[in-house]
Structure formats: structure tokens, C-alpha cells
Amino acid sequence: MPLLELESLQVRFPVERGFFGRGTRVVHAVEDLSLTVAAGEAVGLVGESGCGKTTLGRALLRLIEPTSGTIRFNGEDITHLPAGELRSRRRQFQMIFQDPFGSLNPRLTVGQSLAEPLEIHGIASTPAERAERIATLLRSVGLHADHADRYPHEFSGGQRQRIVIARALAVEPKLLVCDEPVSALDVSVQAQVVNLLQDLQRERGVALLFISHDLAVVEHLCQRVAVMYLGRVVELGPAREVCRRPSHPYTAALLSAVPTLDATSRQKRIVLRGDPPSPIDPPSGCPFHPRCPIAQDRCRSERPALREIQPGRWSACWVEADQLKGRS
Amino acid sequence: MPLLSIHDLEVEFRLNDRWVRAVDGVSFSIEPGETLCLVGESGCGKSVTALSIGRLLPEPPARYSGGRIEVEGHDILSMSPRELQRIRGGVVSYVFQEPAAALNPVFRVGSQILETLQIHRPAKATQAEVVRLLGDVGIPDPERRARSYPHELSGGMQQRVMIAMAIATEPRLLIADEPTTALDVTIQAQILELLKDLKQRLGMAILLITHNLGLVGEIADRVAVMYAGQIVETAPVGSLLHAPAHPYTRALIQSVPELGHPRERLIAIPGTVPMPGTWPAGCRFAPRCPVVQDDCRTLAPSLKSIAGNRSVRCPHSAPGSTASS
């Protein structure tokens, strides 16, 4: 049984239209999305801005209510769980956001920030136990116990992100949803936080859903990767295999666009034309067809479903499916 | 004669009744048609250096406390406002990180480009030239797009408009300060292709400011790495990426995961980037350096030339040491 199971999840937002508001239009942020995360597994969720990856991260923790679909955590359907019960389940899944400056209350000391989840979930009951636990948490993310008495402004961005991670760990979650956790950090500091997350996953068995636009970090950190385009997963599979031999043309273009240190690769590049289309009016057929270098007539009218092309590897592309048929 | 040469530039900012140095003795030059990347993390002084070239920093709080900046042999720091006007836009143009913040939201993008032409190339200030420029930077349907307002364009298109505006004056040097940082990776690839293409066609030099070593591999001819207000290494792009000489450059390359070359673990650089005003004595990288020696903490190293048209600010560096060693 997977730790987290999303089945046909859909999130739509109404947007007000124009001054006279002739009917509202709808943003299709997440469409018919199914994904699992096993206990202790690290799954990457990649895609460009507007693809719905952040909305998905929030919807699965029910920070945003999904429009339809099912969220199961440890086998239990939590999609419609009332707020009171949801709170007790939230102990098992925590979220880390991109901006460590906006995630900590500037008027609370680090110790007070870390004590809050302990109190809410009734974990350490006496002040002495709490202080002991806070010290342990700070040490586990590479900070000192006496940092508990300081305020967030006394820390650098990388240290603040560690504090945020320590706070998420306070309740001993089984799943950490990380939304671009290193994007706001200096390059030389990013590796510290990536290594910390890697240790948490490997040594403590915390499952990660790592939302990022950075394919290289996902390839490094995650066992599996899901590539999103316009609210849907277009490719899913083992991270290293997908990065080495992408199946979907969007994944191939995304990988090819990543600048590398290798100056000899300068010429071999698939440059996608145009911008990602709007999730308000998604194109007909395959959502990627207007930018796809290998689009065919069928792609313009019929949307390809995500199908298993090899054991464990999934792709949503007609052309790829036809090629497989031709080979067999 | 180099197109741009900077000698021992020092820039300071007034902060709480004292002067804090942000750029400390930076020297480099750019030849016509060359692409130089200035690489560093936040607070290292790379953007302040870039803004100094057009003297775009407000004075005060900034002051140029030392050094020289010469563009085509003319000293920028002693120019009158009128002379500066001729250099800005005429010889040196800028593209910044946030196109949405650099464009005026209440004017159509075409009229903003026209305004640039009216100031610097009045004979060419026509609607036809505006449309030609928009087409030149790869904007589809340029006649219609010239009448768009900035908010009607995507981030990538807005950045193309900024680049059209920057090349409208046929500059000899384009200074691009993190031009793709706010953009998605597929759009970043488009903008990089555009910059490379324009450089070929127009023969202009590019100074690209970035924190992303990947971009360096894409576009640079030569690279200067900055740390804590100083240049710590300069080298041709191939040798810098494959055989970095300074421990900071080496650590920076090793700390970034590279696509297609997964490693078991990233080699993190301990500590944090020191902000201006808190630079340590001796070598400024010493507190974070994996190969630090006793004298590093007291003796401030100078930038020394080494073989292969390179220079490095580290007396203990072995030229040609590889990234994996």
C-alpha cells in the first residue's frame, strides 16, 4: 500500500472575467492526476511555472480543496475529512515552502517556532521535555541547541530553511512535501539543504514529494520523477532513466533546455517555440501539441492518456505509442 | 584597445553613517565582440560592478572611492551627465532580470522602443524600425505586438522587448544582468539562443552577469568569478569549467548537481556567503575553504596571472587542478 495515493485529482479555480463579468472562466490547474508516493520514497514533481505543480502540492495536503478525485494517506481517504480530524492526520505530512523568510514568524524565537507544533500535537508535555526535543531537532538539521533563543533575522537563508525543516520534523512526519525548497538559496548553500533532505529520506525514511523546476536536483535526489505539463502528468518513471532516455517529447525538450557545464553541448539543443499555453483555455487534444516538434494530426484532436510503456515507465504521447507498436 | 576596461574599481555605499565597500579592487577588460561572464553569488558585487559601467548607481548612497572605468578609452567616472547620456544606450545597453519591472506598464511596448530610438538614433525613429527590431528578437506578428501593453505579453516576450530596446541603439556592449533568472528553463534556452544569434549578427560584446554556472558553459568566451567584492579567478570558459584553479570556483562547480552525471552526494560548501561589511581578514574565502592553510587567514592574496591566459587569487592553487580531484 502506498503512503500517499492520488486518484484522478482535479483542481479548478474560477477566475473573474472582465469588468462586466460575463460568466466566470475556469483555471484548469490540476486535471485528472494520479500519482503515488511509497513510504520512504523520494518522488520529484517537475514542470514549468503554471503547470500546476504547486497547486498539486497544496491540494494533496488539503491546503487547497480539490474539485474532485481522491487523496488517500496510509490507505485512508482524507479527501473529505472534516477539519478537526484532518488536523490530527496532518501530523504525518508536512510542507516546506520556497521562501524561508516568509515561513517563520519574525517575532518568535526559533525555539518558540519549534515548540508550536509540539504543543498543537501534544508531543512533549513538560517544558523540560520540549526544550530537550527542540535541541535534538536543531542538531539534526546541523544547527546548535543554543540557536533556539535567537530570532529568524539573525540567520542566513540556508539556516532559516534548516529551521523550517526542523519545525516540519518536530511532529515526525512520514511525508515532507517540499515546494522549491532550495530555489531561493545561494548556489553554494543549496547543496547543504539538498544533502540534509537526502539524509532525512535515507536515514529516517521520511518520504519526499520534491516539487522543483530544477531537473538536475530532482535527478540527484529522487528515485522517481513525474513531469507535469498544463495540469497533467505527461511522463512518470525512475528519475535517472527518465533523465537519461526521456520518452515524452516535452521531457526531452525540458532536459535539453537545461544549461550544462559542458561547453561542447552548446549546439545540440531542442529549443521549444512559444510559451506554455494558458491553463484557462487548454489546447484541444494533447496539451503539448502547439509546441511539440513531432506533433501529428491525431495530437491536435485527441488527448493521449498516460499509459505504461515499459514496466514502471509511463508516458502520455501518441507518437511514442505508435513507435512502440511499430517495433513490436 | 579593449572596448571596456576596468582598473581597481572600488564602490562603497553609505550605510548607517559609515561607508561599506561592495566592490573592492575589481579589474577586467572586454574586447569588441567578446562575451564575458561575471559569476558570483548574492552580495559578491557583480551587479554593482555592472551598474557602475553606465554609472547607473545613485550617488549617494553609492560612491566610487577608487579606480577607473574606460569605455572605448573614455573615462566614465569623470564624465559630465551629457557625455554619460551618449554612452548609456549609445555604446552600452542594459537588460535586467525583471522585464516586468523595467517596462513602463502604461505605454505600449512599441512606443517605448520608439522613445529609445528618438533619443539615440533620431533618423531611424520610425514605426517601421520598431517593427523590424521586434521581428529581429523573434517576436511573432511584430506589427500587432508593437501595440501591446507589457502585461499582455508573457515573461519571455517581455524580455525579448527589453532586448529589442537594448539593441535599438546598436550598442557595442550589451550588459545583461541575470537576464533569464526570472524565466522558465525552456524560455531561458530561447533567450540564450537569441543573445548568441544577435551577438553573431551585430558583432556586439556581451557582459553577462549570472549566478548560474550552467549559463557560463552555454555562452561565455571568458569568465570572471567574484567572491566578496573581489575577482578570485579569470579564465577562458573551457579551462575554468574543466580545470578551475581557485578553491571557490572548484567548490562551486562541485556543489551543483549536473544533469546526466548523478553523484552519490553533493559536496556542500560549509557556512554562508559573507555580506559586504563582514568580509574576513586575509583570504575572504578562507573560513569556507576546504584546502585552507594557516597563512590564508592573515595574508590577503592578490590576483596573479598564471599560464593559459588566466589569473587566480590564491597562492596555494595548482593551475590545472581538475574538478574531480
Side-chain angles (χ1 to χ4, degrees), chain A residues 46-51 142 155-159 183-196 198-199 202 213-222 239-240 243-244 250 253-267 269-278 291, chain B residues 39-44 138 140 153-157 180 182-190 192-194 196 211-220 227 237-238 240-242 248 251-273 275 288 323:
Chain A
V46 300
E48 296 177 275
S49 49
C51 75
F155 295 91
S156 68
Q159 289 171 319
S183 306
L185 304 179
D186 265 315
V187 185
S188 71
V189 177
Q190 287 184 8
Q192 298 172 4
V193 174
V194 170
N195 284 347
L196 172 62
Q198 193 176 34
D199 292 343
R202 288 191 179 169
H213 68 283
D214 189 336
L215 278 153
V217 173
V218 168
E219 183 194 30
H220 174 78
L221 189 65
C222 299
R240 291 190 179 185
C243 289
R244 198 177 311 126
Y250 176 63
L254 204 57
L255 286 164
S256 160
V258 176
T260 62
L261 299 183
D262 186 2
T264 56
S265 71
R266 279 185 188 183
Q267 299 307 318
R269 198 157 293 277
I270 311 166
V271 177
L272 283 183
R273 313 209 163 277
D275 299 300
S278 156
R291 302 173 81 195
Chain B
V39 185
E41 299 177 85
S42 52
C44 74
L153 304 176
S154 66
M157 283 297 152
T180 62
L183 305 175
D184 271 315
V185 63
T186 61
I187 309 301
Q188 167 172 287
Q190 292 174 359
L192 283 180
E193 289 298 313
L194 174 64
K196 283 192 264 187
H211 69 281
N212 184 341
L213 279 164
L215 295 194
V216 172
E218 283 311 308
I219 198 166
Y227 188 80
V237 62
L240 184 110
L241 293 177
H242 295 116
Y248 174 63
L252 209 53
I253 291 173
Q254 286 179 331
S255 72
V256 191
E258 200 182 352
L259 201 60
H261 303 282
R263 274 172 294 183
E264 194 49 32
R265 198 169 173 78
L266 298 179
I267 303 171
I269 308 176
T272 57
V273 182
M275 287 295 118
R288 308 177 71 194

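Just so we're on the same page: letters track the sequence lines, and every chain starts at 1.
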Polar contact flag, side-chain donor to acceptor under 3.5 angstrom, Q159(A)-T272(B):
no
So, for [X] and [Y], which heavy atoms are closest and what is the spacing to 0.1 Å?
X: I187(B); Y: E48(A); answer: N-OE2, 4.4 Å
X: G271(B); Y: Q192(A); answer: O-NE2, 3.0 Å
X: R288(B); Y: S188(A); answer: NH2-OG, 2.9 Å
X: D184(B); Y: S49(A); answer: OD2-OG, 2.6 Å

Option in H211(B), R263(B), M157(B), E264(B) with maximal non-hydrogen atom pairs under 4.5 Å from chain A:
E264(B)
Are the side chains of D199(A) and R265(B) in touch, meaning some heavy atoms are under 4.5 Å apart?
yes
What I'd like to find out is whether the side chain of E219(A) reaches to under 4.5 Å of the side chain of L259(B), using heavy atoms alone.
yes
Sort [X] into side chain, backbone, both or neither according to what part of it lies under 4.5 angstrom from a heavy atom of chain B.
X: L255(A); result: both
X: Q198(A); result: side chain
X: R240(A); result: side chain
X: V194(A); result: side chain

Partners meeting side-chain contact (heavy atoms from CB on, under 4.5 Å) with A191(A) (sequence neighbours left out):
S255(B), L266(B), A268(B)
Which residues pass the side-chain contact (heavy atoms from CB on, under 4.5 Å) test with D214(A), not counting sequence neighbours?
S212(A), A216(A), V217(A)
Choice from V189(A), V187(A), L272(A) maximising heavy atom contacts with chain B below 4.5 Å
V187(A)
Examine whether an atom of Q188(B) lies under 4.5 Å from a heavy atom of chain A, and if so say whether it belongs to the side chain, the backbone or both; otherwise answer neither.
side chain
With only heavy atoms counted, which part of V256(B) is less than 4.5 Å from chain A, the side chain, the backbone, both or neither?
side chain
